Structures are given as structure tokens and as C-alpha cells.
Amino acid sequence: MTQDLKNILNPEQFAAATTVEGPILILAGAGSGKTRVLTHRIEYLVNEAGIDPGNILAVTFTNKAAGEMRERTVQLLGSKAGKVQIGTFHSTCAMVIRQESDSIGLPRNFSIYDSADQLTVIKEVMNDLRIDTKKFNPRLFRSLISRSKNSMLGPQDVAKQEGYFNELAAEVFSGYNAILNQASALDFDDLLLKPLEIFANHSDIRDKYKNKYKYILVDEFQDTNKAQFEFLLHLSGESKNLCVVGDDDQSIYGWRGADISNILGFEKYFSGTKVYKLEQNYRSTPQILDAAYRVVKNNKKRKSKRLWTEIKQGNKVTLLRSPDDRGEAENILAYMQKEIFEEKRAFKDFAILYRTNAQSRIIEDSLRREGIAYVIIGGVKFYDRKEVKDFLSYLRLILNQNDSISLRRVINYPPRGIGNVTISKIKEFALENKLLFWEALDRTEDIAVGAKQKKVLTDFKKLINKYIELQKELPLEELIRVLDDELGFRKLMKEEGTEESLQRVKNIEELFNSVSEYCEVNPGAGLQEFMENVSLVSDIDNWDNKANAVTLMTLHSAKGLEFPVVFISGCVDGLLPLIRDDDVNKDSDSSEEERRLFYVGMTRAEQRLYLLSSSTRRLYKEFIICRESPFLSEIGEENLEIIEPSYTTFGELRTQKAGTSKPRKSRKKNVKSPFLEGSFVSHKLFGKGRVLEVTPNHGDFKIVVDFGEKGIKKLLAGYANLELLS
DNA sequence: GCAAGCCCAGATAGT
DNA sequence: CTGGGCTTGC
């Protein structure tokens with residue numbers, strides 16, 4: 001096997017995969033085959049070093065990465081792979097909590113609160129504390145709480161900080177914790193913290209896990225935060241058999257508390273660390289690698305390294321300039337069609353990346369108009385849709401009656417005549433008598449609510465109690481159907497009959513499908529496991545990369561993925577790097593992170609990379625003038641081809657759109673160019689010029705024009721509005 | 001208590 | 001332009 005591995009892996013990869021003991025740092029650049037190293041390392045540990053697969057823990061950041069690792073491990077190890085624990089930090093921690101919750105007095109059926117739930121809780125705390133939600137944006141508190149938790153700081157630490165805001169924040173923070181505590185709920189950050197609490201207070205439990213996971217592998221180590229690092233420290237124990245893989249150039253989660261010093265200081269922290277650098281890239285052309293390197297090398301805080309490739313051929317990176325963001329979308333379409341036509345590419349070969357989800361809309365419009373299949377990742381998540389959340393809140397309540405947030409969400413949905421007044425009365429009563437909201441529902445006789453409300457509340461409680469019992473007997477799939485029938489969820493929506501409500505019915509049905517699917521894959525799993533899965537699974541995990549569709553996603557989501565052709569839209573100052581007027585961290589650290597983000601995007605491309613910039617964009621309702629992203633000028637000229645806007649003003653663009661806003665199924669084909677080499681043309685912006693070159697460009701023509709003093713420009717004839725002079 | 005309608009603020013990234 | 005929060009009139 002060792003010989004086989006030597007053939008499969010390059011020398012550095014081989015060394016990294018076959019070093020068994022001690023701390024190991026693998027600095028794996030983009031496209032350097034790190035997943036391959038990790039999976040072959042697992043194979044080597046089991047098949048060569050004789051390590052029990054049950055003693056191996058592999059941690060990733062996304063379920064998708066975990067799934068891929070699982071798949072490849074199964075290929076290499078067969079049935080033995082099942083014993084290897086592979087999961088995300090969050091799912092691994094959730095597993096530990098579920099198994100050990102008793103030790104910290106947390107019920108096993110705890111709820112997991114997402115960021116919307118967090119906001120609900122924070123608003124409630126702010127109301128209780130009489131803090132005006134208009135003066136202080138609840139989101140500010142949310143991000144402060146999250147950042148604090150990721151750095152293992154509590155309300156008392158925040159209170160120590162100077163300033164009125166921190167004073168308030170500390171109060172909100174502790175009120176927030178109290179509500180979650182009472183609700184037996186954990187937020188995402190708690191999932192990472194609770195195991196630390198368990199380990200710190202119960203060394204026997206810690207030793208149990210430490211002895212189980214003797215060999216630990218960590219993917220995307222550059223994105224770990226303090227809590228995650230502590231988790232690894234607890235488990236790796238004295239043997240320090242901790243193998244981490246990462247790339248400081250791809251650290252893009254600083255805002256989530258990721259601490260880049262975890263990777264930069266790893267060697268210092270663990271003496272005797274063996275370091276392996278993987279610098280051979282198996283993904284991209286030399287031009288793409290060169291362009292990406294010229295950008296990222298401007299960062300001060302990075303380990304020196306440079307990717308290289310054996311690939312020889314390739315094209316320059318192309319910068320497509322447009323007058324506005326719609327022009328960017330048009331350019332994407334035009335060049336996509338060119339790639340399909342000239343390079344025989346399929347839709348699934350393309351990815352369109354952007355900095356913020358809001359940028360997707362305008363691109364989607366263009367794709368839809370042309371009938372191009374696309375999938376969009378991120379944005380509003382399936383499980384975040386209102387109707388889906390309403391339904392899931394019932395399930396959460398059936399599971400955990402302490403969960404007052406879910407309880408209040410459904411107590412009047414479908415409408416039963418329970419309004420804010422009634423809810424406030426119950427809440428007050430519960431507070432006075434030190435009861436849970438749920439317990440207070442039994443005492444309607446003692447609460448000053450109307451007779452009708454009393455009956456409704458009693459009935460509601462009976463209903464939930466019935467399902468608490470049913471849950472024990474009925475399989476999950478049946479339970480939700482019975483619940484839907486009784487509540488009349490779908491029935492009500494169907495009766496509404498609007499297109500919107502029919503879509504909601506579809507979403508509910510989609511939820512049923514996902515329950516069925518989950519039950520099939522995880523036989524014997526209960527409601528708690530399903531809900532945990534719902535909380536921790538994201539859109540990208542379900543992304544089907546085999547479907548023939550263009551993929552749209554943020555630069556963040558794209559990490560770890562690769563595509564033959566990549567478009568990065570919105571390469572303008574303000575988006576890349578992203579600047580917000582209230583930006584508190586306008587420091588160099590955050591601008592270096594933006595550069596890394598751009599670098600991550602560039603290195604997703606295998607063969608072709610298109611960068612798009614525009615001189616104006618729409619924000620809300622106004623147009624803003626943009627300058628090009630400063631990162632573009634870092635690329636240099638050698639490996640960058642610049643194509644100028646082919647039309648110049650909004651006016652022209654609008655006129656053009658007006659005539660073609662209908663679906664253009666029949667695209668212009670085999671048209672002869674009116675422009676020939678040597679003919680003279682006039683352009684609105686560049687003036688008079690001479691045509692140097694004409695090349696067909698999927699139903700259009702790319703022409704190169706010498707505009708004398710204005711330079712040589714590449715234009716698309718169909719959009720350029722050129723006037724033929726001779 | 002509730003639905004309709006108005007007003008205003010607002011959006012970084014995601015487990 | 002959208003969606004949450006608040007007022008208003010039933």
C-alpha cells in the first residue's frame with residue numbers, strides 16, 4: 001500500500017499523509033489536494049499503522065465537506081469507514097452535548113436557536129430592559145454576543161469594557177443567556193461552548209472522549225475560533241496527535257471569530273510540530289495562479305508560499321468592464337454563451353460569484369430571461385421560510401415545552417384569537433409565579449383573560465400534549481402529516497389560492513419530503529435528531545453538483561469548490577473590499593481578509609476566470625458611481641486582458657433593453673459582421689478608430705479597434721453601438 | 001383581537 | 001424595492 005500511496009501522492013502529500021504521531025501542520029494552498037491527503041491519511045492510519053478507525057475524529061466546517069470526506073473514506077476503507085467519526089465542529093459538539101447533557105443539567109431534548117430566534121430573544125430582553133430597539137439595533141447586540149461567545153467571553157467580561165453601549169450590552173447578554181437557559185435552548189455558539197463546560201467540570205467525561213479520539217484531523221484550520229481550538233486542545237491531550245490542514249491565505253471568517261493566529265502560531269504552540277507545505281496546484285492554469293498570487297502577496301500577515309502548476313497552457317484572466325451592474329449581467333451571458341459555443345461547455349461548468357447575496361438578483365433576471373438553468377446557494381434558506389419555520393416550531397414545542405420562543409410563535413398560528421394582550425398577561429403571570437410560559441397555560445383560571453381565550457388556551461395545551469404522546473408512538477413521517485391535517489396548515493393555504501400561498505403549500509410539501517428523505521437515510525432517528533439536522537444543514541450541503549445548471553453563490557460559500565469557468569461579479573471598490581459607512585473595523589486586518597476573499601474566488605477557477613466591474617451600480621433606488629476594485633490593479637498587465645464596455649450610457653442600454661425585453665429564443669446566428677478589418681468606425685466614448693481584428697463571438701463579433709490616443713480596445717459589436725465610417 | 005395599510009429603515013459573509 | 005413594526009378602523 002505504501003508503494004501505491006507513493007504513486008497517488010506527491011512527496012510532500014505522501015509525507016503529510018504518512019506521519020502518524022505528534023502535532024502536524026499541513027499548509028495546503030488552494031487546489032493542492034488537501035482532501036486527498038486527509039482521506040489517504042485516514043486510510044494509512046487504519047490500514048498501515050493499525051489504528052482502530054473508531055479512534056479517529058475528522059472535523060470540517062461544512063456538512064458538505066464532511067459528506068465528501070465520508071464518501072471518499074468509504075471508497076478507501078469500505079465498511080471500516082463507518083467507525084471513523086467525521087463531522088462538522090457543530091455537529092460533533094452537538095453529539096457530545098446530546099450524550100452528556102445530564103452532566104450540566106441540560107435536558108437531552110434541547111432546542112437549537114438560529115439567528116432569527118436569537119433576534120427574537122434579544123428584542124424581548126431589550127423590551128424588558130426598556131432599551132429602545134430603534135436607538136440600538138438588536139443586530140448589534142447579536143453580533144456582540146456571538147463574537148464574545150466565540151472568544152469565550154461572558155457578560156461580565158463585556159461589562160468590564162468601557163462605555164455605555166457595553167454596559168447595556170452586558171445586561172442584554174445576560175438576559176439573553178437567561179432566556180435561552182430557561183428555554184433549554186442553545187444557539188450556534190453555545191454548541192461549541194457547552195462541550196468545553198462539560199470537559200472542564202468533568203474530567204472523567206473529557207478523558208472518555210480523549211481516549212476515544214486519539215487521532216484528530218482538522219480541515220480548514222485557518223477558520224477555527226478560540227472555542228474550537230480549546231475543544232481540540234481538550235481532546236488531543238498529551239499525545240497531541242493533532243493533524244491540522246489549512247491555508248492562511250484562505251482565512252475568511254474573521255467576522256465569525258476565526259482567529260488566524262491559531263494557524264499562524266500553531267508551530268509555536270505545539271513544540272515539535274511537523275510542517276508540510278503543499279504548493280503544487282492541480283486545479284488552475286498558470287495565468288490564474290499568477291494573477292491570484294499577485295493579489296494575495298500584498299497581504300502583510302501571511303506565511304510565504306507560492307502555488308505552482310505543471311499545467312502549461314491557458315488564457316489570460318479577463319476583466320470585463322461595463323457601464324452598470326446590468327451590463328455586468330449581460331457580459332456574463334455573452335461570455336457564457338461564447339464559452340458554450342467555442343469550448344463546448346455545459347451550464348454546470350460555470351459559477352458566478354459575488355460578495356453579497358443581494359447582487360444575485362440582477363444576474364438571476366438575465367439568466368431567467370435567457371432560459372438558462374441555474375441554482376442559487378444561500379440567501380433565504382429553505383428552513384427559514386416563514387411557513388416552514390411555523391411548522392418546525394410546532395415540532396420544537398412538541399419536543400421541548402420549555403422553548404418559549406417556539407411556543408409563542410405558534411400559540412396564535414393558525415389564528416386562534418390569542419393576541420399580544422393575552423400573551424403579555426400570561427407572561428407576567430408566569431414571571432410572578434416563577435413558572436414557565438408553558439406551565440402558566442394550566443393556570444388560565446388565575447389569569448385575567450377572557451372566557452374565550454381561556455378555552456382556546458386550554459385546547460391548545462391539550463393539542464400539544466396529545467402530540468407529545470403521539471410522538472412516542474408514530475413514526476416521524478406520519479406524525480407531521482397528522483399534525484398538518486389537524487392544524488389545517490396546507491388546507492388553509494390552499495384556500496387562500498394566491499400564487500404565493502400555493503408556493504407555501506409546495507414548501508410545506510418539500511419539508512415533508514425532507515423528513516421522508518431523512519428517515520430513509522437515518523432509520524431509527526427521532527424528532528430530536530431530525531431537528532438537529534435541520535438546524536445544522538445549510539443550502540450548500542444539499543447542492544447537487546451533478547445537475548446541469550449554472551451555480552450562483554457568494555465568495556464565502558465558494559470556498560472549497562472548483563469550476564472550469566468562474567465569473568466574479570462586482571469587482572468594484574466598496575464591494576471588494578466591502579465597505580459599510582458604519583464600519584467599525586476599517587482596519588487593515590479586515591481589508592486583508594477582503595483580499596483573501598477575492599483570492600479564494602479567483603482560485604476557484606480551473607480554466608477561465610472572468611472578473612466583472614462596472615462604473616455605476618444601483619443601491620436601493622439610487623445609482624452610485626463606482627471605482628474599480630483596488631485588487632484589480634494588483635493583478636498587473638501580463639496576465640490580464642481588459643475588455644472595455646461595449647455601450648456607454650444608460651440611455652443606450654435602456655433603448656436596447658426596450659426592444660429585447662421579450663424572451664429572445666432565436667438568437668442571431670451566422671450574421672456577417674458589418675465591420676471588417678481595416679474599416680474605420682466611430683465610438684461615443686473613444687471617438688474614431690480603425691478595426692484591427694474581427695472574430696466571431698457566438699452570434700456576435702468581438703472586434704479589436706485602435707482608437708489612437710484612446711488606446712486599443714476590445715469590444716462586442718452587438719453592444720458597442722459603433723458607427724461605420726467607411 | 002385582527003387585517004389592512006402606511007411608514008420607514010435597511011443589507012456582509014453563515015455554522 | 002422589501003419587509004418589519006406600528007397605527008387605524010372594524
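Note: hydrogens, waters and symmetry copies are ignored here, and every other heavy atom, side chains too, is used. So that the names make sense, note that chain A is the first sequence line, chain B the second, and so on, each numbered from 1. A quick note: this is a predicted structure, and the numbers were derived from the prediction, not measured.
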- Item | For atom NZ of A:Lys64 and atom C1' of B:dG14, their distance in whole Å | 16 Å

- Using the C1' atoms only, state how far B:dA13 lies from C:dG4, rounded to an integer number of Å. 22 Å

- Task: Send over the distance from A:Lys149 NZ to B:dT15 P, rounded to a whole Å.
- Result: 18 Å

- Integer-rounded Å distance: B:dT15 C1' and A:Gln228 CD: 9 Å

- Query: If you check the A:Asn137 side chain, which of B:dG10, B:dG1, B:dG14 turns out closest?
  - Reply: B:dG10

- Query: B:dA13, B:dA11, C:dC6: which one has an atom nearest the side-chain heavy atoms of A:Ala358?
  - Reply: B:dA11

- Message: Between A:Asn420 and B:dG1, is there a contact of a side-chain N or O with OP1 or OP2 at under 4.0 Å?
- Response: no

- A:Ile252, A:Leu632, A:Thr603, A:Leu353 screened by side chain to side chain contact (heavy atoms under 4.5 Å, CB included) with A:Phe598, the one that passes: A:Leu632

- Message: Check this one for me: any side-chain N or O of A:Ser535 less than 4.0 Å away from OP1 or OP2 of B:dT15?
- Response: no

- OP1 or OP2 of B:dT15 under 4.0 Å from side-chain N/O of A:Ser115: no

- Roughly, in whole Å, what's the span from CZ in A:Phe89 to P in B:dG14? 19 Å

- Does the side chain of A:Tyr354 come within less than 4.5 Å of A:Leu575's, by heavy atoms? no

- Salt-bridge contact A:Lys389-A:Asp384 (side-chain N to carboxylate O under 4.0 Å): no

- Query: Among B:dT15, B:dA11, B:dA13, which nucleotide sits nearest the side chain of A:His90?
  - Reply: B:dT15

- To the nearest angstrom, how far is A:Arg617 atom CZ from B:dA11 atom C1'? 14 Å

- Item | Between B:dG1 (P) and A:Gln453 (CD): distance, integer Å | 6 Å

- Query: What nucleic acid atoms does A:Val537 come within less than 4.0 Å of, heavy atoms only: base, sugar-phosphate, or nothing?
  - Reply: nothing

- Would you say A:Ser557 reaches B:dG14's phosphate, i.e. side-chain N/O to OP1/OP2 under 4.0 Å? yes

- Query: Taking the six-membered ring for Trp, are A:Phe136 and A:Phe141 parallel (under 30°), tilted (30 to 60°) or perpendicular (over 60°)?
  - Reply: tilted

- Message: Please determine whether a side-chain nitrogen or oxygen atom of A:Lys123 lies at a distance below 4.0 Å from atom OP1 or OP2 of C:dG4.
- Response: no

- Message: What's A:Ile418 touching, base or sugar-phosphate or nothing? Going by heavy atoms closer than 4.0 Å.
- Response: sugar-phosphate

- Presence of A:Asn412 side-chain N/O under 4.0 Å of B:dC2 phosphate oxygens OP1/OP2: yes

- Message: Between A:Glu594 and A:Arg355, is the salt bridge (Lys or Arg N to Asp or Glu O under 4.0 Å) condition met? List the steps.
- Response: CA-CA 9 Å; A:Glu594 293 290 317; A:Arg355 180 62 177 80; 2.8 Å; yes

- Which listed nucleotide (B:dG14, B:dG10, B:dT15) is nearest to the side chain of A:Thr88? B:dT15

- Base of B:dA13 and ring of A:Trp255 stacked, centres under 5.5 Å, planes under 30°: yes

- Message: Expressed as a whole number of angstroms, how long is the span from A:Arg361:CZ to B:dA11:P?
- Response: 15 Å

- Message: Base, sugar-phosphate or nothing for A:Asp114? Non-hydrogen atoms, less than 4.0 Å.
- Response: nothing

- Message: Check this one for me: any side-chain N or O of A:Asn225 less than 4.0 Å away from OP1 or OP2 of B:dT15?
- Response: no

- For A:Tyr354 and B:dG14, give me the distance from atom OH to atom P, rounded to whole Å. 9 Å

- Item | Six-ring centre of A:Tyr253, A:Lys559 cation under 6.0 angstrom, axis tolerance 45° | no

